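Accompanying notes for the structure given below.
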There are 2 protein chains.
Amino acid sequence: MFDFVDAYDRAYERAAEAHGFTAAQACVLGRVQAPRGMRELADELGCDASNITQLVRRLEARGLVEREISPDDRRGRLLRRTPDGDRAYAEFETSFEFARDVTAGLDPDEQEQLTRLLRKALGS
Amino acid sequence: MFDFVDAYDRAYERAAEAHGFTAAQACVLGRVQAPRGMRELADELGCDASNITQLVRRLEARGLVEREISPDDRRGRLLRRTPDGDRAYAEFETSFEFARDVTAGLDPDEQEQLTRLLRKALGS
DNA sequence: TATTGTTATACTCTATAACTATA
DNA sequence: TATAGTTATAGAGTATAACAATA
């Protein structure tokens, strides 16, 4: 199980770095297809809000996301990918082939079985 | 699959922090039950040797590992856990219950099946 | 000349504390 | 008074480059 998780993590990081961002940045990028508040994002990722600020600062500097004041609550900012960000993230996703590679070695029955077991194990 | 890996990673980090070290430190600690060279360790973890130096410096400062000049090759250092390190790592391992918790929700048949599928997926 | 490990340095991730603006 | 987000700061992980000692 350790080896499996380790292989997944390494593949994720390799794919991110191949596109010029880090694993943490890819994680944020993947969650802002639709505009999101930063607080919401911090809660979802289980990290401090100040951390999101830093991650977003770097992504914004590279033109991959943009922030705007929320129309509903002027304290909040809505975060969203730019067209460049959409493109970069799509390429990243394509190159992150772990799930595909890993299930390629399994029969269709086994793939289904694995998904079922992982889901049941997590209790979700 | 992402959720599963994420849950594993978080559990690993929580367990490590509960014992006062980080995930990376736990990882090193787990690999030096028997004396190991630092180069060997860097290759195994897929990171730079200078990184190992830093990690070991912190572990050594806390008395969890010790270094000595290798008798075979005086350029090398052999790294090994101290008795304190053994104790700390054993406690960490006990508290890292992810694999146990996760498989507790599965029947014995399913547990076996999951192990088999993960192994086959990795091609090992 | 090649290899082991260290040091200096720099970047990123992350958290805590203090702050601003808004509610 | 409480909440969203920022800034300053600090510790940890990581890599690159330059270096020392040894092979």
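Labels below follow one simple rule: chain letters A, B, ... track the order of the sequence lines, proteins then strands, and each chain is numbered from 1. Computed from a prediction, not measured in an experiment: that's the story for all the values here.
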Would you say [X] reaches [N]'s phosphate, i.e. side-chain N/O to OP1/OP2 under 4.0 Å?
{"X": "A/R57", "N": "C/dT12", "answer": "no"}
{"X": "B/R75", "N": "C/dT3", "answer": "no"}
{"X": "B/N51", "N": "D/dG13", "answer": "no"}

Could you state the [atom1]-[atom2] distance from [X] to [N], rounded to the nearest angstrom?
{"X": "A/L78", "N": "D/dA4", "atom1": "CG", "atom2": "P", "value": "13 Å"}
{"X": "A/I52", "N": "C/dT16", "atom1": "CD1", "atom2": "C1'", "value": "16 Å"}
{"X": "A/R74", "N": "D/dA2", "atom1": "CZ", "atom2": "P", "value": "23 Å"}
{"X": "B/R67", "N": "C/dT4", "atom1": "CZ", "atom2": "C1'", "value": "12 Å"}
{"X": "A/D72", "N": "D/dA4", "atom1": "CG", "atom2": "P", "value": "13 Å"}
{"X": "A/M38", "N": "C/dT20", "atom1": "CE", "atom2": "P", "value": "19 Å"}
{"X": "A/Q54", "N": "D/dA10", "atom1": "CD", "atom2": "P", "value": "15 Å"}

Q. Have A/S50 and A/D48 got a donor and an acceptor in their side chains that come within less than 3.5 Å?
A. yes

Q. Would you find more than 12 non-hydrogen atoms of other residues, nucleotides or ligands less than 6.0 Å from B/R62 atom CZ?
A.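 Counting neighbours around CZ of B/R62, more than 12 heavy atoms of other residues, nucleotides or ligands fall under 6.0 Å, so yes.
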
Q: Look at all strands and tell whether B/L55 reaches a base, only sugar-phosphate, or nothing, counting heavy atoms closer than 4.0 Å.
A: sugar-phosphate

Could you work out which one of [options] sits closest to the side chain of [X]?
{"X": "B/D48", "options": "C/dC13, D/dT16, C/dG5", "value": "D/dT16"}
{"X": "A/A49", "options": "D/dT6, C/dG5, D/dA15", "value": "D/dT6"}
{"X": "A/S50", "options": "D/dA8, D/dA15, C/dT6", "value": "D/dA8"}
{"X": "A/R77", "options": "D/dA23, D/dG5, D/dA15", "value": "D/dG5"}

Q) Does the side chain of A/F2 come within less than 4.5 Å of B/Y8's, by heavy atoms? A)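 Result yes, sub-4.5 Å side-chain heavy-atom pair found.
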
(Q) Would you say that A/C47 contacts A/I52 through its side chain, given a criterion of any heavy-atom pair below 4.5 Å between the two side chains? (A) yes

Q. Is it true that A/Y89 and A/L78 fall in one hydrophobic cluster, defined by side-chain heavy atoms closer than 4.5 Å?
A.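 Cluster IDs for A/Y89 and A/L78 differ.
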
Q: Spell out, yes or no, whether B/L117 and A/L122 are grouped together once hydrophobic residues are joined by side-chain heavy atoms under 4.5 Å, including indirect joins.
A: yes

Q | Of residues 3-26 of chain B, the positions that come close to DNA chain D - non-hydrogen atoms, cut-off under 4.0 Å | A | B/T22, B/A24, B/Q25

